Amino acid sequence: MNDLKTIRGMPDLYGKDIEAISMIEKTCKEVFLGFNYSEVRTPLIEYKSLFERSVGESSEIIQQKEVFELDDRKGEMLCLRPEGTAGLVRSLITNGLDDEEIKKFFYIGPMFRYERPQKGRKRQFFQAGVELIGNAIYGDLEVIQVAKMILDKLGIESNLEINFLGDNESLEAYNKYLDDYLSRSNEVPEYVKKNPIRALDSKDEKVKKLMSEAKSIESFLNEKQKNKFLDIKNKLNELKINFRENKNLVRGLDYYNGLVFEFTSSELGAQNAIIGGGRYDGLIESLGGRNLPATGFALGIDRLSEMIKTSILRKDVFIGCVDESSVPYAQKIGSQLRGTNSELVIENYLGSANVSKQLKKANSQGFKFAIIVGQEEIKAEKVKLKYLEDDKEDIECTIDELVEFLND
RNA sequence: GUGGGCGUAGCUCAGUUGGUUAGAGCGCCGGUUUGUGGCACCGGAGGUCGAGGGUUCAACCCCCUUCGUCCACCCCA
């Protein structure tokens, strides 16, 4: 009965939706490769325990059962990956790549979270991300530059927010302080009690009011950490990258520390983060690898795609036919054009509409040129090229001349 | 997991206090035009009214259940 429906939060993507998504993926890939990051493809399914150990027991992803679980028939609990970093770090360790050399990786692909869908939030969604692993000087800055370049290339307006969380010790101390501080009130929601640092970006008015009197995370940083943050801010200014310091910015995954950042957009409603990332210095070691520092970010491809409305596909030549027997000649023209220039988008019309309707189609589908072939053209070994966009005279020429013309 | 809105043609949506044959625009197909587009006109196809149950002489409309979708909480990219 309902086996023809898509399942909740996992729509079919077609038309403009997928146009925008694949264009963004292409742009991401170009930028990643341009910074010499190399691709890693890890499986969509991993042991669930991997995420319990990385993303963290206290994160909502694990807490609220936001992972799609499955049984492997041998009693092992598996799950669809809810994010990309854990799998990538796992593969680094699994394949013995966690040596001292600086490594730059990227990934693009679907992620899955069992959440209630809303604007900018699906159960299957697409992320692209980078991980910069090893003792990289100013690695935080490079990663931000990569993110910024993607947004610039896509022409997307956004705001960059940054914060500095310190190391695992200072984070722990701050969490302890908050726990203690918040326990004064009995109006603190459950999720804040479990992970007190979440009180920082809570939208709950009572929590907000309480937090306005609390100490900031800054007061738990030592001199070295404060200087590190100051240095990063100065360098961002030198790079002319605008940012806003947001002392309430925290990330939901337990492994983050040090510099964290988010690119946000006001166009997207409540789910306004389009890129989020930061440092995760302890993660590799805690998963069983070496003690290597690392930083990275993840980018929400679906969210960006909602900000791109205009069609970006270019269509060049529509080749139609007067009658069935002209089709082979039309296909010969088509394959010659494609053979000399694989960038051209060429439609060989295969339907049976009359010439007038064929031209209407060519026009409404946004082609730049149309060619209609029939017996006259075949006999004369010529083609007539019509301008659909401009009001110019038709061009009559041989196929070779046509190839030459379209390659200019 | 919580709260609220919405499910009628491929798309966007009308549909009266429950009443006979469920509509429009866009798109699609055909024609006006048997070899020439953007416009216009004419015609056509396409619906188990999301699904299941109930109330009723009668349900797209009321009730229950369920699924999907949207918005917010929450979470995060």
Side-chain angles (χ1 to χ4, degrees), chain A residues 1-11 14-16 24 28 55 58-67 82-85 108 110-123 125-129 147 158 189-192 194-195 198 201-205 207 249-253 256 261-265 268-278 296-306 318 320-323 326 351-367 369-377 384-391 394:
Chain A
M1 277 305 164
N2 51 17
D3 59 355
L4 289 181
K5 288 184 167 177
T6 56
I7 67 180
R8 189 167 167 79
M10 303 191 181
Y14 57 92
K16 288 238 172 10
I24 291 165
C28 287
V55 169
S58 69
S59 93
E60 297 298 312
I61 291 179
I62 298 297
Q63 281 276 322
Q64 301 255 21
K65 306 208 182 338
E66 287 179 5
V67 293
E83 58 102 40
T85 300
I108 299 176
M111 305 294 163
F112 304 84
R113 280 181 211 171
Y114 196 95
E115 297 175 285
R116 193 88 159 244
Q118 68 178 76
K119 191 176 176 68
R121 186 167 82 183
K122 301 277 179 280
R123 286 184 169 186
F125 57 102
F126 299 89
Q127 285 192 336
S158 64
E190 200 54 31
Y191 70 90
V192 174
K194 278 183 181 151
N195 198 2
R198 299 245 48 130
D201 61 353
S202 175
K203 289 176 191 170
D204 187 309
E205 286 304 323
V207 177
L249 176 67
V250 286
R251 321 251 49 248
L253 310 181
Y256 284 110
F261 61 92
E262 236 171 55
F263 286 85
T264 60
S265 162
L268 288 173
Q271 309 300 320
N272 64 349
I274 52 182
I275 295 181
F297 68 77
L299 167 157
I301 293 172
D302 315 56
R303 287 187 186 173
L304 288 184
S305 77
E306 289 191 29
F318 178 99
C321 294
V322 170
D323 50 41
S326 316
S352 51
N354 64 37
V355 172
S356 161
K357 297 272 157 133
Q358 288 185 40
L359 283 167
K360 274 185 193 169
K361 275 183 210 300
N363 201 54
S364 68
Q365 286 177 26
F367 282 90
F369 301 103
I371 293 170
I372 302 289
V373 303
Q375 300 309 317
E376 291 170 23
E377 284 82 358
K384 221 189 269 175
L385 187 71
K386 299 182 72 67
Y387 283 90
L388 295 175
E389 286 178 348
D390 309 306
D391 219 10
D394 296 357

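Predicted model, so just to flag it, every value in this text is computed and none were measured. Note on naming: letters A, B, ... go to the chains in the order of the sequence lines (proteins, then strands), and numbering restarts at 1 for each one.
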Please list, chain by chain and in numerical order, all residues satisfying side-chain hydrogen bond (donor to acceptor under 3.5 Å, both in side chains) with [X], sequence neighbours excluded.
| X | result |
| --- | --- |
| A/Thr264 | none |
| A/Asp394 | A/Lys386 |
| A/Arg198 | A/Asp201 |
| A/Ser265 | none |

side-chain contact (heavy atoms from CB on, under 4.5 Å) partners for [X], two or more places apart:
| X | answer |
| --- | --- |
| A/Lys357 | A/Ala353, A/Asn354, A/Lys360 |
| A/Asp323 | A/Ser325, A/Ser326, A/Gln375 |
| A/Val355 | A/Val322, A/Leu359, A/Ile372 |

Any side-chain N or O of [X] less than 4.0 Å from the OP1 or OP2 oxygen of [N]?
| X | N | answer |
| --- | --- | --- |
| A/Gln271 | B/rC76 | no |
| A/Lys122 | B/rC70 | yes |
| A/Arg116 | B/rA72 | no |

[atom1] spacing across the pair [N] / [M], given as an integer number of angstrom:
| N | M | atom1 | value |
| --- | --- | --- | --- |
| B/rG19 | B/rA58 | C1' | 7 Å |
| B/rC60 | B/rU21 | C1' | 15 Å |
| B/rG15 | B/rG23 | C1' | 7 Å |
| B/rC28 | B/rG46 | C1' | 9 Å |
| B/rA9 | B/rC49 | P | 10 Å |

Item checked: Closest-nucleotide ordering on RNA chain B, the 5'-leading residue of A/Lys119 and A/Gly277 -> A/Lys119
Item checked: 5′-ward residue of the pair A/Gly9/A/Gln127 relative to RNA chain B -> A/Gly9
Find every protein N or O atom lying less than 3.5 Å from an N or O atom of nucleotides 7-12 of chain B, and list the pairs.
none

Notebook entry, point to check: With a 4.0 Å cut-off, would you call A/Lys384 and A/Glu376 a salt bridge?
Noted result: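 Here A/Lys384 does not pair with A/Glu376 in a salt bridge, since their nearest N and O are not under 4.0 Å apart.
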Item checked: Test salt bridge (Lys or Arg N to Asp or Glu O under 4.0 Å) applied to A/Arg121 - qualifying residues, sequence neighbours left out -> A/Glu115
Margin query: Just to verify, what does A/Arg303 make a salt bridge (Lys or Arg N to Asp or Glu O under 4.0 Å) with, not counting sequence neighbours?
Written below: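 Partners of A/Arg303 under the salt bridge (Lys or Arg N to Asp or Glu O under 4.0 Å) test: none.
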Notebook entry, point to check: Across the strands shown, which category fits A/Ala362 at heavy-atom distances under 4.0 angstrom: base, sugar-phosphate, nothing?
Noted result: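 Nothing: the residue A/Ala362, judged by heavy atoms under 4.0 Å, touches no strand.
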Next item on the list: Indicate, with a heavy-atom threshold strictly under 4.0 Å, whether A/Phe263 touches base, sugar-phosphate, or nothing.
Entry: nothing
Margin query: Let's see if you can work this out: which of B/rA77, B/rC75, B/rU2 has an atom nearest to the side-chain heavy atoms of A/Arg303?
Written below: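 Nucleotide nearest to A/Arg303's side chain: B/rA77.
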Check: Counting side-chain heavy atoms from CB outward, which of B/rU69, B/rC76, B/rC75 is closest to A/Arg113?
Finding: B/rC76
Next item on the list: Check whether any side-chain heavy atom of A/Lys122 lies under 4.5 Å from a side-chain heavy atom of A/Pro11, and answer yes or no.
Entry: yes
Notebook entry, point to check: Under a 4.5 Å cut-off applied to non-hydrogen side-chain atoms, are A/Lys361 and A/Phe367 in contact?
Noted result: no
Note to self: Counting distance alone, no hydrogens or angles: does the base of B/rC74 have a donor or acceptor under 3.5 Å from a partner atom on the side chain of A/Arg121?
What the structure shows: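 By the distance-only test, yes, there is a pair.
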Notebook entry, point to check: Which letters describe nucleotides 28-37 of chain B, given B = protein heavy atom under 4.0 Å from base, S = only from sugar-phosphate, - = neither?
Noted result: -SBB-B-BBB
Check: Of all the base pairs, Watson-Crick or G-U under 3.5 Å, which form stems of three or more consecutive pairs involving RNA chain B?
Finding: B:1-7 with B:67-73, B:10-13 with B:23-26, B:28-32 with B:40-44, B:50-54 with B:62-66
